[in-house]
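I have placed the structure first, in the form of structure tokens, so that the comments after it can refer back to it.
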Number of protein chains: 4
Amino acid sequence: MSATTAYERLAATLRERIEAGEFQPAMPLPSEARLQEEHGVSRNTVRRAYRLLEDEGTIVIRHGAGAFVAQPDSDATA
Amino acid sequence: MSATTAYERLAATLRERIEAGEFQPAMPLPSEARLQEEHGVSRNTVRRAYRLLEDEGTIVIRHGAGAFVAQPDSDATA
Amino acid sequence: MSATTAYERLAATLRERIEAGEFQPAMPLPSEARLQEEHGVSRNTVRRAYRLLEDEGTIVIRHGAGAFVAQPDSDATA
Amino acid sequence: MSATTAYERLAATLRERIEAGEFQPAMPLPSEARLQEEHGVSRNTVRRAYRLLEDEGTIVIRHGAGAFVAQPDSDATA
DNA sequence: GTGGTCTAGACCACT
DNA sequence: GTGGTCTAGACCACC
């Protein structure tokens, strides 16, 4: 649980918020700039956290639009 | 001399500052974000102005580094 | 073939060198610092290129040791 | 005063420069790479020296940003 | 002396 | 005004 890097910790925090149902399907997660301010990390670190969540299928990132909770499809585990 | 569009006017202003020798070779011109604030224009306007200056060979834009006064080389127009 | 980003172009170049058999199994590919100098890009760009090649299974990166051509295993396509 | 190890001697030198007020609050101390060159020592030695100064509360090290003179707070020893 | 993470801030492309 | 790429250079961990 106690991830060793900043981006893993941030990803874990976001994962919890997602699992708690904080974000609705059409509602974007916080922007990179917002997370940057909120967590006091660089944008790069925010992007790595989001990238990690995208790679594991938790979120979907859309250029120019934002990050969204992934919707279940035929491969969905949940 | 009185350009008709916002980006042409901004380009003209920057051209004057360059010709006045305000920027040293290794010193970048103001960033897009800075010009946006200083002139109260949109980022698109700033980008068009810089693009215009680059197209005419006045400046060189380096991705991730900034805009710089073009150095005279064999292709120099001036 | 003409990739649009710097890291994709660098990855393509490295892929060709690998396929041409330039690197032996135990011989590391050029270090990040070396590629940085050779190609005039930032270390970040070099890392993204190597990361891309690692993700596609072309190379294996070992912390503190270097990048190596991936050895065929049971999942190998070639 | 004559420290027995290389890193203690380097730390002592840096401590003197700090106490002489050579570094302003927002100005980072020399980077590890720079000290390495200037003093002709290994990176490990530099890192140990900085670690020692951080442990005694003289400096604060910020990952990716540099080493800074510690600002007095409620926990200040001096 | 290598790769790994991080900061800070620039320009680029898309909605 | 969002995400995408890139530069430059710092500290960290490993071989």
Side-chain angles (χ1 to χ4, degrees), chain A residues 3-10 28-36 39-52 54 59-68, chain B residues 28-36 42-44 46-48 50-51 54 59-68, chain C residues 3-10 28-36 39-52 54 59-68, chain D residues 28-36 42-44 46-48 50-51 54 59-68:
Chain A
T4 53
T5 65
Y7 75 91
E8 285 172 331
R9 284 193 298 273
L10 177 52
L29 274 71
S31 71
E32 295 177 348
R34 186 136 171 61
L35 284 182
Q36 210 179 141
H39 292 262
V41 294
S42 72
R43 189 177 162 211
N44 215 358
T45 297
V46 173
R47 283 181 63 68
R48 290 185 73 162
Y50 266 162
R51 177 92 194 279
L52 197 162
E54 187 178 39
I59 65 171
V60 172
I61 300 175
R62 284 169 37 208
H63 187 179
F68 301 82
Chain B
L29 275 69
S31 72
E32 294 179 350
R34 188 134 170 62
L35 282 184
Q36 211 180 141
S42 74
R43 180 161 57 259
N44 263 337
V46 174
R47 284 178 63 67
R48 274 185 205 142
Y50 267 162
R51 186 73 69 96
E54 188 177 41
I59 65 172
V60 172
I61 299 176
R62 283 180 54 215
H63 190 175
F68 300 82
Chain C
T4 52
T5 65
Y7 75 92
E8 284 171 332
R9 284 194 298 274
L10 176 52
L29 273 70
S31 72
E32 294 177 347
R34 186 138 171 60
L35 284 181
Q36 209 179 141
H39 293 262
V41 295
S42 73
R43 190 178 161 209
N44 214 359
T45 297
V46 173
R47 283 181 63 69
R48 292 185 72 163
Y50 266 161
R51 177 94 194 277
L52 197 161
E54 187 178 42
I59 64 171
V60 173
I61 299 175
R62 285 170 36 209
H63 188 179
F68 300 83
Chain D
L29 274 69
S31 72
E32 294 180 349
R34 187 132 170 62
L35 281 184
Q36 209 180 140
S42 74
R43 180 161 54 259
N44 264 337
V46 173
R47 284 178 62 68
R48 274 185 206 143
Y50 266 161
R51 187 71 71 95
E54 187 177 42
I59 65 172
V60 172
I61 299 176
R62 284 180 54 215
H63 189 176
F68 300 82

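Each chain gets a letter, A, B and so on, in the order its sequence line appears, and its residues count up from 1.
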Practice task
Have a look at A/Leu10 and tell me which of A/Leu52, A/Val46, A/Thr5 forms a side-chain contact (heavy atoms from CB on, under 4.5 Å) with it.
Solution key: A/Val46
Specify the separation, in whole Å, of atom [atom1] of [X] and atom [atom2] of [N].
{"X": "A/Glu8", "N": "E/dT5", "atom1": "CD", "atom2": "C1'", "answer": "10 Å"}
{"X": "A/Arg48", "N": "E/dT7", "atom1": "CZ", "atom2": "P", "answer": "10 Å"}
{"X": "A/Leu10", "N": "E/dT7", "atom1": "CG", "atom2": "P", "answer": "10 Å"}
{"X": "C/Phe68", "N": "F/dC15", "atom1": "CZ", "atom2": "C1'", "answer": "10 Å"}

Fill in the blank from the handout: Stems of at least 3 consecutive Watson-Crick or G-U wobble pairs (donor-acceptor distances under 3.5 Å) involving DNA chain E, listed by first number, are E:1-14 with F:1-14
Handout entry: For the student: nearest non-hydrogen atoms of B/Ala65 and B/Pro28, plus distance
Key = O-CB, 4.5 Å
Handout entry: Which atom of C/Tyr50 lies closest to which atom of C/Pro30, heavy atoms considered
Key = OH-O, 2.7 Å
Return the [atom1] to [atom2] distance between [X] and [Y], rounded to the nearest 0.5 Å.
{"X": "D/Ser42", "Y": "D/Arg48", "atom1": "OG", "atom2": "CZ", "answer": "7.0 Å"}
{"X": "C/Arg47", "Y": "C/Gln36", "atom1": "CZ", "atom2": "CD", "answer": "11.0 Å"}
{"X": "C/Glu54", "Y": "C/Arg51", "atom1": "CD", "atom2": "CZ", "answer": "7.5 Å"}
{"X": "D/Arg62", "Y": "D/Phe68", "atom1": "CZ", "atom2": "CZ", "answer": "5.0 Å"}

Problem - B/S/- contact track for nucleotides 10-15 of chain E, protein heavy atom under 4.0 Å - result: BBBBBS
Exercise for the section: Answer yes or no: does a side-chain N or O of C/Tyr7 lie under 4.0 Å from OP1 or OP2 of F/dT5? Expected result: yes
Problem - Short side-chain N/O contact from A/Thr5 to OP1 or OP2 of E/dG4, under 4.0 Å - result: no
Handout entry: Residues D/Arg43, D/Glu32: salt bridge by 4.0 Å N-O rule
Key = no
